[in-house]
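Worksheet: one structure, shown below.
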Amino acid sequence: MQSEKSFVSWFRDSSPYIHAHRNKTFVISLGGEAVQADDFDHHIHDIALLSSLGIRLVLVHGIRPQIDQRLNKLNAPALFHKNLRITDDLALQCVKEAAGLVRVEIEALLSMGLSNSPMAGSSLKVVSGNYVIAKPIGVIDGIDYCHTGEVRRIDSIAIHQQLDQNTVVLISPIGYSPSGEVFNLSAEQVATAVSIALKAEKLILLTEHSCCNPDNGEHIRQMTTDETDIFLQNHKAAPDLIKLPLTAAIQSCQAGIERVHLINRHIDGALLQELFSRDGIGTLISSAPFEVLRPAKLDDIGGIIELIKPLEQQGILVKRSREKIEMEIADYIVIERDGLIIACAAFHANEQDYFGAIACLAVHENYQGVSRGGRLLNYVYQKAMQMKLKKLFVLSTQTMQWFIERGFIASNINNLPDPLKELYNPQRNSKILCKNIE
Ligand SMILES: CC(C)(COP(=O)(O)OP(=O)(O)OC[C@H]1O[C@@H](n2cnc3c(N)ncnc32)[C@H](O)[C@@H]1OP(=O)(O)O)[C@@H](O)C(=O)NCCC(=O)NCCS
């Protein structure tokens with residue numbers, strides 16, 4: 001019974017994300033290590049589920065270990081300069097073999113539809129093609145990189161045409177030149193270029209490690225691009241397996257991708273946990289802060305109603321119609337976290353009579369206790385100060401103590417300014433609290 005209940009509430013909780021992600025374009029980059037891992041089919045099942053939920057998917061796969069294994073078999077050294085592979089003729093042969101093999105393996109897994117597997121009935125379509133146009137890196141520091149290249153252009157129109165047909169697009173880290181040459185590319189660079197060219201909503205990098213602070217081992221939940229830059233400056237010795245995705249994340253965000261997710265591919269179901277749960281499991285990198293306090297917009301009304309509905313039902317907040325919120329939306333401030341409204345307050349100012357009232361203060365229960373309510377109150381107080389108001393009022397039935405601890409004092413109806421007196425509902429019998437603004 002308990003597990004049925006938690007299943008239902010889990011499924012309901014994930015529904016805002018299902019709506020939010022539908023018809024959005026996500027680019028997912030998986031390293032060659034992920035492809036040859038035993039649990040790779042789990043990732044493929046999750047990817048198939050994302051596609052079934054209407055997400056437009058581009059997969060970019062890596063082939064680094066597969067190239068190394070081939071070179072090793074041939075007793076040929078893997079040549080690198082400044083962490084970049086030098087692709088001589090022999091290495092290029094290995095690149096082509098590795099890319100072909102990995103592509104076929106992924107296509108095969110995406111084609112699965114066995115009735116007793118999570119892929120039953122999925123009938124996914126997948127295409128690969130010459131979507132990446134590349135040019136040679138050339139000679140750097142006197143070192144000829146031979147067939148190692150860099151992305152010149154992405155045929156985004158052709159990729160979008162495939163995505164419009166609900167087809168998953170699979171891209172190898174290989175590019176072609178107009179003269180028919182083949183270049184070995186970095187998978188992270190391809191994923192970055194593809195996400196930028198497609199104006200994707202998200203770039204998701206499945207990584208070998210979780211992104212942790214090397215100083216204290218703590219998992220980093222989110223960083224802005226500026227913070228990521230500082231992190232890289234301060235941790236120059238961090239392994240490439242972390243530095244490369246972080247660099248890709250900065251580049252993508254700077255080019256307009258709103259959210260880049262780094263997810264440890266060793267965690268089973270990590271993709272689903274990251275995309276369909278409130279706090280995710282990976283590291284989110286974005287140019288704008290992950291959580292912002294800002295004036296509300298009309299688009300926020302749905303989120304505000306969702307947030308305050310349970311509090312209205314419990315009688316903690318007075319009932320407000322959608323129309324009333326719509327009319328007063330300019331008075332509202334919200335805290336938005338990863339696209340969701342998690343806190344709000346309304347500040348009704350009366351400049352003529354030098355007073356203001358705070359109303360509809362609410363913080364979602366999962367986010368209480370870390371000063372979000374305090375920040376909203378402080379914002380209102382600062383605004384009231386700028387407007388040179390003299391008093392701030394609040395009516396409360398169950399939260400008096402919270403306001404008293406923040407400098408409000410109990411007052412009575414005789415001290416209420418007339419416009420508030422007219423609105424006072426004696427049946428509700430709210431306590432009246434007031435704070436002088438100084
Ligand atoms: C009141 C509310 C906005 C505070 O938000 P918040 O982000 O948790 O606020 P803060 O982190 O700044 O403050 C947390 C502290 O307030 C306390 N607190 C929470 N609700 C309280 C209440 N009704 N009465 C007294 N104290 C309360 C918490 O116990 C916590 O104290 P602690 O740190 O000593 O444990 C939030 O609890 C909420 O939305 N409550 C339901 C709606 C509501 O009552 N709105 C006010 C209508 S007038």
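Nothing fancy with the numbering, it's 1 onward along the sequence. Start at 1 and go down the list; that is how both ligands and their atoms are numbered. All heavy atoms count here, side chains included; hydrogens, waters and symmetry mates do not.
Within the 4.0 Å heavy-atom criterion, neither part of Thr397 lies near ligand 1. At a 4.0 Å heavy-atom cut-off, ligand 1 does not touch Arg375 at all. With a 4.0 Å cut-off on non-hydrogen atoms, Lys431 does not touch ligand 1 at all.
Less than 4.0 angstrom separates atom 30 (C) of ligand 1 from none of the non-hydrogen atoms of the protein. Within the 4.0 Å cut-off (strictly below), no protein heavy atom is located near atom 33 (O) of ligand 1. By the definition of a contact as any protein heavy atom under 4.0 Å away, atom 5 (O) of ligand 1 is in contact.
A cation-pi arrangement is found for Lys390 relative to Tyr354, the charged atom lying closer than 6.0 Å to the ring centre and inside a 45° cone about the ring normal. In this structure, Arg406 forms a cation-pi arrangement with Trp402, its terminal cationic atom sitting closer than 6.0 Å to the ring centre and no more than 45° off the ring axis. For the pair Lys435 and Tyr381, the cation-pi criterion (under 6.0 Å, within 45° of the ring axis) is fulfilled.
The closest protein non-hydrogen atom to atom 19 (C) of ligand 1 is Trp402 CD1, 4.1 Å. Protein heavy atom in closest approach to atom 38 (C) of ligand 1: Gln368 NE2, 3.4 Å. Summary of contacts: the protein heavy atom closest to atom 47 (C) of ligand 1 is Leu317 CD2, 3.6 Å. Counting only heavy atoms of the protein, atom 7 (O) of ligand 1 lies nearest to Gly373 N, 2.8 Å.
Salt-bridge annotation for Asp353 and Lys391: absent, with no side-chain N of the basic residue lying under 4.0 Å from a carboxylate O of the acidic one. In this structure, Arg372 pairs ionically with Glu291, as a charged nitrogen and a carboxylate oxygen lie closer than 4.0 Å. Here Lys383 does not pair with Asp331 in a salt bridge; the nearest charged N to carboxylate O distance is not below 4.0 Å. Look at Arg56 and Asp164 and you find a salt bridge, because one of the NZ, NE, NH1 or NH2 atoms lies within 4.0 Å of a carboxylate O, short of that distance.
A tilted orientation is assigned to the rings of His235 and Phe231, their planes being inclined by 30° to 60°. Note on ring orientation: taking the six-membered ring where Trp is involved, the planes of Phe11 and Phe7 are parallel (angle under 30°, cut-offs 30° and 60°).
Taking each of Arg406, Arg372, Gln398 in turn, the one with a heavy atom nearest to atom 23 (N) of ligand 1 proves to be Gln398. Residue nearest to atom 44 (O) of ligand 1, selected from Thr399, Leu433, Leu311: Thr399 (by heavy-atom distance). If you check each of Leu361, Ile358, Ile342 against atom 3 (C) of ligand 1, the one with the closest non-hydrogen atom is Leu361. Checking Ala362, Gly374, Gly369 against atom 8 (O) of ligand 1, the nearest heavy atom belongs to Gly369.
By the 3.5 Å distance cut-off applied to N or O atoms, Val363 is counted among the residues near ligand 1. At least one N or O atom of Ser371 sits closer than 3.5 Å to an N or O atom of ligand 1. Residue contacts with ligand 1: Val394 is placed with no nitrogen or oxygen under 3.5 Å of a nitrogen or oxygen of the ligand (distance criterion only). Checked against a 3.5 angstrom limit, the closest N/O atoms of Phe403 and ligand 1 fall outside it.
Side-chain contact between His160 and Leu163 is present, with at least one heavy-atom pair separated by less than 4.5 Å.
Put simply, CG on Leu433 and OG on Ser430 are 9.5 Å apart, with the number rounded to the nearest 0.5 Å.
Heavy-atom contacts of Ile316 reach the following atoms of ligand 1: 42 (C), 43 (C), 44 (O) (cutoff under 4.0 Å). Residue Gln401 approaches ligand 1 through these ligand atoms, each under 4.0 Å from one of its heavy atoms: 25 (C). Close contacts of ligand 1 with Ser396, meaning ligand atoms under 4.0 Å from a residue heavy atom, involve 48 (S).
Leu395 counts as a contact of ligand 1, since one of its heavy atoms falls under 4.0 Å from the ligand.
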Should Gln189 and Gln251 be marked as a side chain to side chain donor-acceptor pair (under 3.5 Å) after you check the CA-CA gap, both sets of side-chain angles, and the distance that decides it?
-> CA-CA 9 Å; Gln189 200 203 58; Gln251 278 171 10; over 6 Å; no
Apply side-chain contact (heavy atoms from CB on, under 4.5 Å) to the pair Tyr17 and Leu53, showing each step before the final yes or no.
-> CA-CA 10 Å; Tyr17 302 96; Leu53 291 171; over 6 Å; no
